[in-house]
Amino acid sequence: MSSNATTSQTIGPFFSIGMCRSIKQNLADANVSGERVNIEGRVLDGDRQPVPDAILEIWQANSHGKYAHPEDDQDKPREANFTGYGRIPTNIEGKFHFTTIKPGQVPDPDGKLQAPHIVVSVFARGLLRRLVTRIYFPDEPANDSDFALKLVEPSRRGTLIAKKVAGGVGVLEWNLILQGSDETVFFDCGL
Amino acid sequence: MARILPYRRPHPETQPRYLHSPYASTIKRAPAKPPVYLPQTLSEITGPSFPNVVTDIKATDLTRQHHGDPLGERIIVSGRVIDEDGRPLRQALIEIWQANAAGRYLHESDQHQAPLDPNFTGCGHALTDNEGKYRFVTVRPGAYPWGNHHNAWRPAHIHFSVFGPAFATRLVTQMYFSGDPLLPFDPIFNCTADEGARNRLISVFDWETTIPSQALGYRFDIVMSGREATPMER
Ligand SMILES: [Fe+3]
């Protein structure tokens, strides 16, 4: 017997009852290795209005480039205190922020190294299905040859790369534009 | 480094498109550009797991989270989480949330005139067992009005969030009840083109899980993407 994957539905406006029990905005516990980064930004709609009822889920490798998952069989260290998962809601102004470590590099399907990145799911009222995107890091030489960035037309790649904040040490800004001429690049990677 | 064994893509029209104008909130939130096709990498075939989540009786029985009993009809909602090949997904985290029996959410943005129930929060979570099974005890949620269009009402539903084994398998959906007269008029239920896919969101009345003199049983099975048959060529 086989059937198709269950149909997605929106999380609606009241998801915090069920999903905000397990908010996780700090992935970088004290004994986790790697460079600390604070990533902050806003989720905006097609009218540049803030989206106060969105929630982001992130997934990333540790600083060695190893995922906390049985199918990552790379010979790299795992860290018991680093799960690589975060769940981050937006506030009334559409703002979000989280603290993590810069992930190491993981292989692409050809076995070459991808640039450091965080994968992101976006859920919100009005999104019938999650959106999937990625966060890359500024001043990263590996961005130029990255497997996924090369699939994106050059003029839109910047939407995936976080920006340094003037005067903010370890602070990066990354905004998520759902719709419009400069909308964030979203990926089709499965369900 | 092992080869990447990707998860299958959704069958055409069995998943909603982002823009579905009868659901007004999609109009300014659906991306205008098509998503960029991304072959799955190690980043997408791995994903979070939740071995330390505590699933005590209060997590799975929404009628026992307060000192008193909530109002409404008790129901058992149970089922299996399987993949497209019928294999059970073990230790899958399921989170649910819902309105109370009067159709009111315990949420500051819910302005429906229906009463809150001091004995009902409306959230629960569970991990599937070795056969992929889960089970919740709750009350049947009420229908509720919303501002989408004139005289808009959501059919009774329970929201489900499910983590499969990978980032590529992540599902948030809603479970409905058969025979609900509001289903044909609901733009959210009807957002998916494929009728069979839509109807699989409707739970099945189930004598087997009914508890005599206590609660009626509804079964809702959840299917996550299966694996491709062969590894992706390198
Ligand atoms: Fe709802």
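Excluded from the calculations below are hydrogen atoms, water molecules and symmetry mates; all remaining heavy atoms, backbone and side chain alike, are included. Chain letters run A, B, ... following the sequence lines, proteins first, then strands; residues in each count from 1.
Considering all non-hydrogen atoms of both residues, B:Pro31 and A:Glu183 come closest at CB-OE2, 3.4 Å. B:Gln15 and A:Ala5 get closest at one heavy-atom pair: NE2-O, 3.6 Å. Nearest heavy atoms, A:Leu127 versus B:Arg29: CD2-O, 3.6 Å.
In this structure, chain B has heavy atoms under 4.5 Å from both the backbone and the side chain of A:Val51. Contacts of A:Tyr67 with chain B are made by side-chain atoms alone, with heavy-atom separations under 4.5 Å and no backbone atom involved. With a threshold of 4.5 angstrom between heavy atoms, B:Ser225 approaches chain A through its backbone and through its side chain. When heavy atoms are compared at a cutoff of 4.5 Å, A:Ile177 does not approach chain B at all. The part of B:Phe50 that comes within reach of chain A is its side chain, from C-beta onward, which places non-hydrogen atoms under 4.5 angstrom from that chain. Of the two parts of A:Glu153, neither the backbone nor the side chain holds a non-hydrogen atom closer than 4.5 Å to a non-hydrogen atom of chain B. With a 4.5 Å cut-off on non-hydrogen atoms, A:Ala148 touches chain B through its backbone and its side chain both. Contact of A:Val119 with chain B is made through backbone and side chain together, with heavy-atom distances under 4.5 Å. At a 4.5 Å heavy-atom cutoff, the contact between B:Thr26 and chain A is made by backbone and side-chain atoms alike. With a threshold of 4.5 angstrom between heavy atoms, A:Phe123 approaches chain B through side-chain atoms but not through N, CA, C or O. Proximity to chain A is limited to the side chain of B:Pro10, based on heavy atoms less than 4.5 angstrom apart. Of the atoms belonging to A:Val122, not a single heavy atom falls under 4.5 Å from chain B. Residue B:Ile27 touches chain A through its backbone alone, counting heavy-atom pairs closer than 4.5 Å.
Here B:Ser25 contributes atom OG and A:Asp53 contributes atom CG; the two are 8.0 Å apart, rounded to the nearest 0.5 Å. A distance of 8.0 Å separates NE2 of B:His159 from OG1 of A:Thr10, quoted to the nearest 0.5 Å. Distance CG/B:Leu38 to CG/A:Leu151: 6.0 Å, rounded to 0.5 Å. Atom CE of B:Met175 and atom CD of A:Gln9 lie 12.5 Å apart (nearest 0.5 Å). For the atom pair OG of B:Ser43 and CD of A:Gln60, the computed distance is 10.0 Å after rounding to the nearest 0.5 Å. Interatomic distance, CD1 of A:Ile17 versus CD1 of B:Ile96, reported as 11.5 Å (0.5 Å rounding).
The residue among B:His157, B:Arg200, B:Glu44, B:His20 with the most heavy atom pairs within less than 4.5 Å of chain A is B:Glu44. Heavy-atom pairs under 4.5 Å with chain B were tallied for A:Ala68, A:Ser16, A:Ala124; the largest tally goes to A:Ser16. The residue among A:Phe14, A:Phe187, A:Phe186 with the most heavy atom pairs within less than 4.5 Å of chain B is A:Phe14. Of the residues considered (B:Thr46, B:Thr169, B:Leu106), B:Thr46 shows the highest number of contacts with chain A, using heavy-atom pairs under 4.5 Å. Among B:Asp110, B:Thr121, B:Val53, the residue with the largest count of heavy-atom pairs under 4.5 Å with chain A is B:Asp110. Most heavy-atom pairs under 4.5 Å with chain A: of the set B:Val162, B:Ile188, B:Asp194, this distinction falls to B:Ile188.
In this structure, A:Asp188 and B:Arg9 have side chains that are in contact, with non-hydrogen atoms separated by less than 4.5 Å. Inter-residue side-chain proximity for B:Tyr7 and A:Cys189 is flagged as unmet; no heavy-atom pair is nearer than 4.5 Å. You'll find the side chain of B:Tyr23 reaches within 4.5 Å of the side chain of A:Arg125, heavy atoms only. Contact of the B:Pro48 side chain with the A:Arg87 side chain is not registered, since no non-hydrogen atoms from C-beta on lie closer than 4.5 Å. The shortest side-chain heavy-atom distance between A:Ser22 and B:Glu95 falls under the 4.5 Å cut-off. Side chains of B:Ile4 and A:Pro107 form no contact here, defined as non-hydrogen atoms less than 4.5 Å apart.
Of the residues listed (A:Asp47, A:Leu44, A:Leu178), the one engaging B:Lys28 in a side-chain contact (heavy atoms from CB on, under 4.5 Å) is A:Asp47, and it is the only one. When B:Asn199, B:Leu171, B:Leu201 are each tested for a side-chain contact (heavy atoms from CB on, under 4.5 Å) with A:Thr7, only one passes: B:Leu201.
For CD1 of B:Ile57, the number of neighbouring non-hydrogen atoms (other residues, nucleotides, ligands) closer than 6.0 Å is greater than 12. Residue-environment remark: NZ (A:Lys112) stays at or below the threshold of 12 foreign heavy atoms within 6.0 Å. Enclosure of atom NZ in B:Lys133 is not indicated, since only 12 or fewer non-hydrogen atoms of other residues, nucleotides or ligands lie within 6.0 angstrom. Few gaps surround CZ on A:Arg48; more than 12 heavy atoms of other groups in view lie less than 6.0 Å from it. Within 6.0 Å of atom NZ in A:Lys95, 12 or fewer heavy atoms from other residues, nucleotides or ligands are found, so the atom counts as exposed in its surroundings.
With a 6.0 Å cutoff to the six-membered ring centre and a 45° limit on the axis angle, A:Arg134 does not count as a cation-pi contact of B:Phe167.
Remark: the backbone N or O of A:Thr184 is not paired with any side-chain donor or acceptor of B:Lys33 at under 3.5 angstrom. A donor-acceptor contact shorter than 3.5 Å is absent between the side chain of B:Gln174 and the backbone of A:Ile11.
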- Task: Quick one: do B:Tyr18 and A:Gln179 satisfy side chain to side chain donor-acceptor pair (under 3.5 Å)? Show the steps, please.
- Result: CA-CA 11 Å; B:Tyr18 291 102; A:Gln179 186 190 84; over 6 Å; no

- Message: One pair to check against side chain to side chain donor-acceptor pair (under 3.5 Å): B:Arg170 and A:Ser121. What are the steps and the verdict?
- Response: CA-CA 9 Å; B:Arg170 176 78 179 91; A:Ser121 296; 5.7 Å; no

- Walk me through it: do B:Leu42 and A:Asp72 pass the test side chain to side chain contact (heavy atoms under 4.5 Å, CB included)? CA-CA 7 Å; B:Leu42 191 61; A:Asp72 185 341; 3.7 Å; yes

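Between B:Phe163 and A:Tyr85, the distance separating the two ring centers is shorter than 6.0 angstrom.
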